[in-house]
J.: 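Take this structure first; my questions come after.
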2 protein chains.
Amino acid sequence: MSTAEETTGGEVEPWEEVTPDAARRLLVAAVEAFAERGYHATTTRDIAGRAGMSPAALYIHYKTKEELLHRISRIGHDRALEILQTAARREGTATERLADAVSSFVRWHAGRRTTARVVQYELDALGPDARAEILDLRRQVDAEVRGIIQEGVESGEFDVIDIHGTTLAVLSLSIDVARWFNVHGPRTPEEVGALYADLVLRMVGAG
Amino acid sequence: MSTAEETTGGEVEPWEEVTPDAARRLLVAAVEAFAERGYHATTTRDIAGRAGMSPAALYIHYKTKEELLHRISRIGHDRALEILQTAARREGTATERLADAVSSFVRWHAGRRTTARVVQYELDALGPDARAEILDLRRQVDAEVRGIIQEGVESGEFDVIDIHGTTLAVLSLSIDVARWFNVHGPRTPEEVGALYADLVLRMVGAG
DNA sequence: GCCGAAGCTGAGCGAGCGCTTAGTGTGCCC
DNA sequence: GGGCACACTAAGCGCTCGCTCAGCTTCGGC
């Protein structure tokens with residue numbers, strides 16, 4: 001199986017780039033809390049408690065609660081963009097690359113649902129500077145998908161009238177997985193990824 | 001033009017069912033505030049201020065801040081379900097009814113974006129009883145769309161393998177419009193509705 | 001064996017939260 | 001025109017929030 005993600009199943013815990021260990025535990029606790037209750041409904045006491053620390057410990061590693069969200073959002077967007085870039089830049093037809101991009105992007109939104117939820121739905125809680133930085137990453141995400149669709153249209157593989165609108169719809173469909181996906185539901189991330197890749201190929205008139 | 005919504009363009013201000021006038025002004029103010037900042041980040045002082053009243057005035061008409069959200073969510077879900085039911089029960093082929101359902105559902109999510117945003121993204125802020133009531137409405141929404149797709153498959157109009165999964169994707173795509181739609185953006189609700197109806201017909205293999 | 005740096009805690013500050021209460025103005029009924 | 005129901009306000013209560021700070025522990029270097 002050739003996919004854009006190198007090791008989906010055997011992927012080690014993410015966030016390993018975050019050190020020291022206490023800072024990572026706090027960040028993982030924040031991801032869970034933000035995903036469950038939302039940024040504004042989450043208290044710093046809750047985050048510290050989940051990480052097994054006192055409320056004050058949080059401020060050794062992070063200046064504010066918002067810095068936690070910023071770090072999570074930045075790392076998550078970097079990862080999402082990396083997944084799409086890997087799919088977009090592999091060799092193969094536009095059809096193969098679009099299917100790969102959607103299936104791996106969706107697999108990430110389902111499999112890492114808590115992270116994806118925070119990344120996709122808590123943007124407005126960031127301050128202006130952090131938000132601008134993240135929006136720039138989102139434009140890059142959009143450009144990757146639009147590029148594949150554009151190439152498929154030019155090669156005659158796809159039949160698409162509104163390239164920008166269709167790109168928007170493909171990304172919107174994939175991102176919304178983070179809202180409804182249920183770990184205890186009937187579908188695995190792999191199954192949703194495969195279904196969505198098929199639906200997207202139909203949307204662009206491939207095959 | 002025959003659509004599921006009787007009068008999209010000329011639709012009078014909604015919320016006219018909410019009386020007296022002061023209660024409606026507070027509710028409209030709450031919709032705006034919840035849509036902009038989210039339920040938890042909105043203060044009762046902000047809601048009352050937008051409605052031109054003192055903070056205490058809110059509690060003449062609503063027992064709690066959560067009751068405001070509950071009323072908004074209930075009315076919004078009723079309206080969304082009504083739109084889908086009108087499209088599903090009109091006469092015509094499954095293709096026509098699915099296109100009508102998606103275009104009017106999407107048009108509502110784009111045109112009434114602030115309401116739709118609160119309705120679709122603030123469910124978790126409700127208490128258990130209110131949430132259960134709303135979830136029941138969502139099951140009815142799902143059943144309407146699934147019904148049309150099922151009939152299209154049975155009549156041979158559609159080519160769909162996973163009916164439940166495709167229903168989920170169609171609703172997910174439409175609902176997510178409330179997240180990204182921008183009133184000042186390049187597309188009108190009508191244009192997005194038409195584009196999305198076309199994309200959904202492709203997804204189900206119609207035509 | 002002493003020292004300073006680093007990681008963490010217990011206690012708590014000022015602010016703003018949801019919500020309450022006592023009191024005020026207004027208009028309608030008789 | 002007196003009384004009353006109703007809509008609303010000013011003030012503020014009790015609480016929890018994000019965040020701070022003085023002090024304790026631990027540990028490597030010498």
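Residue numbers begin at 1 in each chain, while the letters A, B, ... track the order of the sequences.
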J.: What residues, two or more places apart in sequence or in another chain, satisfy side-chain contact (heavy atoms from CB on, under 4.5 Å) together with B:Glu144?
T.: B:Leu81, B:Leu84, B:Gln85, B:Ala88, B:Arg89

J.: Considering only heavy atoms from C-beta outward, does the side chain of B:Phe105 approach that of B:Leu171 to under 4.5 Å?
T.: yes

J.: Run the side-chain contact (heavy atoms from CB on, under 4.5 Å) test against B:Ser73 and tell me which residues pass, sequence neighbours left out.
T.: B:His77, B:Leu126, B:Ile134

J.: Rounded to whole angstrom units, what separation is found between the OH atom of A:Tyr59 and the C1' atom of D:dT20?
T.: 10 Å

J.: Within this structure, what is the CG-to-C1' distance between A:Asp46 and D:dT16, rounded to whole angstrom?
T.: 13 Å

J.: B:Glu67: which residues meet the side-chain contact (heavy atoms from CB on, under 4.5 Å) condition with it, sequence neighbours left out?
T.: B:Tyr62, B:Lys63, B:Thr64, B:Arg71

J.: Report yes or no: is the cationic atom of A:Lys65 (NZ for Lys, CZ for Arg) closer than 6.0 Å to the six-membered ring centre of A:Phe34, at no more than 45° off its axis?
T.: no

J.: Under the rule for ring-ring contact (aromatic ring centres under 6.0 Å, His included), what residues qualify as partners of A:Phe158, not counting sequence neighbours?
T.: none

J.: Do A:Val31 and A:Trp15 come close enough that some side-chain heavy atom pair is under 4.5 Å?
T.: yes

J.: Taking only nitrogen or oxygen atoms into account, show me every contact under 3.5 Å that the protein makes with nucleotides 6-10 of chain D, one pair per line with its distance.
T.:
from: D:dC8; atom 1: OP2; to: B:His61; atom 2: NE2; distance (Å): 2.7
from: D:dT9; atom 1: OP1; to: B:Ser54; atom 2: N; distance (Å): 3.4
from: D:dT9; atom 1: OP2; to: B:Ser54; atom 2: N; distance (Å): 2.9
from: D:dT9; atom 1: OP2; to: B:Ser54; atom 2: OG; distance (Å): 2.8
from: D:dT9; atom 1: O5'; to: B:Ser54; atom 2: OG; distance (Å): 3.4

J.: Taking only residues two or more places apart in sequence, or in another chain, which ones meet A:Thr95 in a side chain to side chain donor-acceptor pair (under 3.5 Å)?
T.: A:Glu157

J.: Report, as a single string ordered 5' to 3', how protein heavy atoms within less than 4.0 Å touch nucleotides 23-29 of chain D: B base, S sugar-phosphate only, - not at all.
T.: -------

J.: Counting only heavy atoms and a strict 4.0 angstrom limit, can you tell me which residues of residues 29-42 of chain B come near DNA chain C?
T.: B:Thr42

J.: Just to verify, what does A:Asp198 make a side-chain contact (heavy atoms from CB on, under 4.5 Å) with, not counting sequence neighbours?
T.: A:Arg202

J.: With sequence neighbours excluded, tell me which residues meet ring-ring contact (aromatic ring centres under 6.0 Å, His included) with A:Tyr196.
T.: none

J.: Reading DNA chain C from 5' to 3', where do the contacts with chain B start and stop? Cut-off is 4.0 Å to heavy atoms.
T.: C:dC17 to C:dT21

J.: Could you walk me through whether A:Arg187 and B:Asp162 pass the salt bridge (Lys or Arg N to Asp or Glu O under 4.0 Å) check?
T.: CA-CA 12 Å; A:Arg187 290 162 220 278; B:Asp162 181 348; 2.8 Å; yes

J.: Check the distance between D:dC19's P and A:Arg45's CZ and give it to me in whole angstrom.
T.: 11 Å

J.: For the residue pair A:Asp124 and B:Arg37, establish whether any side-chain heavy-atom pair is separated by less than 4.5 Å.
T.: no

J.: List the residues meeting side chain to side chain donor-acceptor pair (under 3.5 Å) with B:Gln120, not counting sequence neighbours, and say none if there are none.
T.: B:His109

